[in-house]
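Heads up, the thing below is written out as structure tokens.
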Amino acid sequence: MDLLSSILVVTNLLFFLFKISYGVLDSITPSQRLSDGDTIMSREGNFVLGFFSPGSSKNRYVGIWYKSIPVQTVVWVANRVHPINDTSGILMINSTGNLNVIQNNSVVWSASTLKEAQSPLLQLLDTGNLVVTDGNSEDYLWQSFDYPSDTMLSGMKYGWDLKRGLNRRLIAWKNWDDPSPGNFILEMTHHNYPEAYLWQGSTIYFRSGPWNGYRFSGLPGLKPNPVFAFKFVFNQDEAYFICTLKQSLHARSLVNQTNSMFQRFTWTEQGWKLHAYLPMDFCDTYALCGAYARCLVTDFPVCQCLNGFKPKSQQRWDSMDWSQGCVRNKRLSCEEKSTHGFLKFSGLKLPDTTHSWLNTKMNLKECRAECLNNCSCMAYTNSDIREGAGCAIWFGDLVDIKQFPTGGQDLYIRMHPSELGERKKEDVDVPLFNFTTVATATNKFSPANVIGAGGFGPVYKGRLCNGQDIAVKRLSKNSRQGLEEFKTEVVLIAKLQHKNLAKLLGYCVEGDEKILIYEYMPNKSLDCFIFAATCLLSMQLMEDFQ
């Protein structure tokens with residue numbers, strides 16, 4: 001090797017050592033290693049990877065933290081179970097892509113890739129995700145987002161990769177000085193109808209309720225907002241929740257051992273700002289009221305048996321021990337299942353889905369028939385409230401039901417015929433549409449979509465996301481027709497469908513909004529949308545006299 005070549009080799013080596021010492025690099029290769037005291041930094045400077053000591057501890061860990069936040073905020077830890085007791089630690093990637101944290105030639109932590117790499121590269125992304133790739137490939141052979149610690153970052157999938165059997169769950173630190181696993185765990189359940197559990201050891205501490213198309217049923221406050229976007233994916237391969245930032249902010253969600261909560265924060269100049277937390281109130285305590293009871297935090301006592309049920313132990317119930325829950329006033333007989341009916345309960349967090357069944361293709365009418373035909377089925381509802389689609393049914397006791405003052409979902413509970421009375425006649429299995437779905441279908445109730453108007457309000461033409469045309473009757477907020485009159489009209493139209501009247505597809509009640517959704521029939525008179533109940537009665541009376 002000539003003198004010039006030697007100078008170039010030494011210069012490149014010094015330049016590499018300078019970069020890795022000052023956190024300029026965002027990646028390392030098998031020929032490089034990250035020693036304690038060195039760091040790598042994501043390309044835009046959002047995150048740093050290196051060795052750290054939490055709180056007052058002198059133990060050393062490999063972790064990722066925010067670069068620009070003055071108080072070190074660690075979001076991921078590699079060797080959280082096996083700390084290093086001095087500064088001799090080294091992080092390296094081997095020739096096939098596997099990761100190792102080494103102390104004095106002993107491996108204290110390792111991670112294996114999905115397959116061997118030919119040209120492995122370990123890179124820290126600006127999302128906070130540490131990834132292993134093969135050369136310039138964009139496929140991740142391993143990523144830290146698949147193995148979170150206590151923190152969920154923007155763009156991270158929380159839940160199951162069912163093909164790999166991978167459970168991406170959050171586990172709290174033991175305390176501020178010790179990142180080893182604590183006893184609070186947030187994970188997505190692998191039920192037929194998935195939902196999130198917050199565990200305290202082996203005990204369920206909080207339950208989110210299942211996803212209803214817009215949000216988890218136990219989180220009515222989880223709504224579209226200017227800060228976060230979110231979605232839930234559930235199919236044969238995956239079941240996960242993902243949250244992404246809409247703005248250039250630092251944000252994190254974590255399971256906090258100190259206060260026994262799951263919390264979501266964003267960073268401001270004043271520090272971390274709390275956006276949301278779970279559990280929210282006393283009624284979020286799992287199964288607080290036992291079976292067949294609902295919890296309403298504004299009531300005293302907060303637990304009440306559902307209609308048609310009574311306390312299993314009146315003495316315990318009166319002493320505010322609700323753990324035994326409620327039992328039926330009238331026991332059900334499977335031989336008499338054809339006489340059973342269903343009571344509709346509204347504004348609920350749906351029951352625990354451990355013993356449930358899901359069919360995304362059924363409508364509500366088919367769901368009712370499926371449940372009625374199986375005497376083990378205790379309740380049913382739509383699994384997707386956006387357009388009243390899907391079928392979820394429950395077997396066994398209904399546990400952990402919360403009542404919301406506003407919001408919540410409908411649940412149809414199986415009842416003995418003697419408990420139905422007149423209410424059976426008024427039980428309307430008509431899908432409840434979400435207001436956002438109706439607004440989207442009508443282009444936010446655009447004047448261009450108006451096809452008529454009556455004394456109770458305008459009628460709009462709309463189109464659902466499945467391509468179906470609909471006619472939307474929006475009751476005027478100044479109308480004298482109240483909520484009960486509106487419900488009466490829904491009952492009447494649903495019970496007395498007529499061949500010459502457009503089919504009622506569903507209804508919407510949200511805040512001051514009262515809306516009827518019909519199948520759009522261009523050849524029908526607008527009067528039969530605007531004055532549906534009156535039109536129907538007139539048709540029926542005319543046929544009765546003929």
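- For the residue pair Ser180/Asp178, the side-chain donor-acceptor check at 3.5 Å is satisfied.
- The two residues Cys243 and Phe241 have their closest heavy-atom pair at CB-CE2, 4.1 Å.
- Here the rule is side chain to side chain contact (heavy atoms under 4.5 Å, CB included) with Arg207, and of Thr354, Asp400, Val399, Leu198 only Asp400 fits it.
- Counting all heavy atoms, side chain and backbone alike, Ile470 lies closest to Val472 at CD1-CG2, 3.6 Å.
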*Does the pair Phe435 and Ile515 meet the rule for a side-chain contact (heavy atoms from CB on, under 4.5 Å), with working shown?*
CA-CA 9 Å; Phe435 181 76; Ile515 299 170; 3.9 Å; yes
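- Two residues are said to be in side-chain contact when any heavy atoms from C-beta on lie closer than 4.5 Å; Glu370 and Asn374 fail this criterion.
- Scored by the side chain to side chain donor-acceptor pair (under 3.5 Å) test, Ser333 finds Glu335 as partners (sequence neighbours excluded).
- Using modelled atom types and a 3.5 Å distance limit, the side chains of Ser323 and Asp321 yield a donor-acceptor pair.
- Atoms CH2 and NE2, on Trp272 and His250 in that order, are 7.0 Å from each other to the nearest 0.5 Å.
- No hydrogens or angles considered: a donor-acceptor pair under 3.5 Å links the side chains of Ser144 and Asn129.
- Within the 4.5 Å cutoff, the side chain of Met261 has no heavy atoms near those of the Leu254 side chain.
- In this structure, a donor-acceptor pair under 3.5 Å is absent between the side chains of Gln304 and Asp299.
- Aromatic pair Tyr286/Tyr205: ring centres not closer than 6.0 Å.
- Counted by atom type alone, Glu387 and Thr437 present zero donor-acceptor pairs between their side chains at under 3.5 Å.
- Between Phe234 and Tyr193, the ring centre distance reaches or exceeds 6.0 Å.
- No side-chain N or O of Ser217 forms a donor-acceptor pair with one of Asn212 less than 3.5 Å apart.
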*Phe206 and Tyr197: ring pair (Phe, Tyr, Trp, His ring centres under 6.0 Å), yes or no, with the steps?*
CA-CA 6 Å; Phe206 165 81; Tyr197 281 173; 9.3 Å; no
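- By the 4.0 Å N-to-carboxylate-O rule, Asp384 lies close enough to Arg386 to be salt-bridged with it.
- In this structure the side chain of Met188 never reaches within 4.5 angstrom of the side chain of Tyr240, judged on heavy atoms.
- No cation-pi contact links Arg168 to Tyr158, judged by a cut-off of 6.0 Å to the six-membered ring centre and 45° from its axis.
- Checked for salt-bridge contact, Asp281 and Lys402 meet the test: a charged N lies under 4.0 Å from a carboxylate O.
- A heavy-atom distance below 4.5 Å is found between the side chains of Leu411 and Trp394.
- Arg264 and His275 form no side-chain donor-acceptor contact under 3.5 Å, judged by distance and modelled atom types alone.
- Counting heavy atoms from C-beta outward, Trp211 and Pro194 have side chains that stay 4.5 Å or more apart.
- By the 6.0 Å contact criterion, CD on Gln247 is enclosed, its count of non-hydrogen atoms from other residues, nucleotides or ligands being greater than 12.
- Taking the six-membered ring for Trp, Tyr292 and Phe309 have ring centres closer than 6.0 Å.
- Gln236 is not listed as a side-chain neighbour of Leu162, based on a closest heavy-atom distance of 4.5 Å or more.
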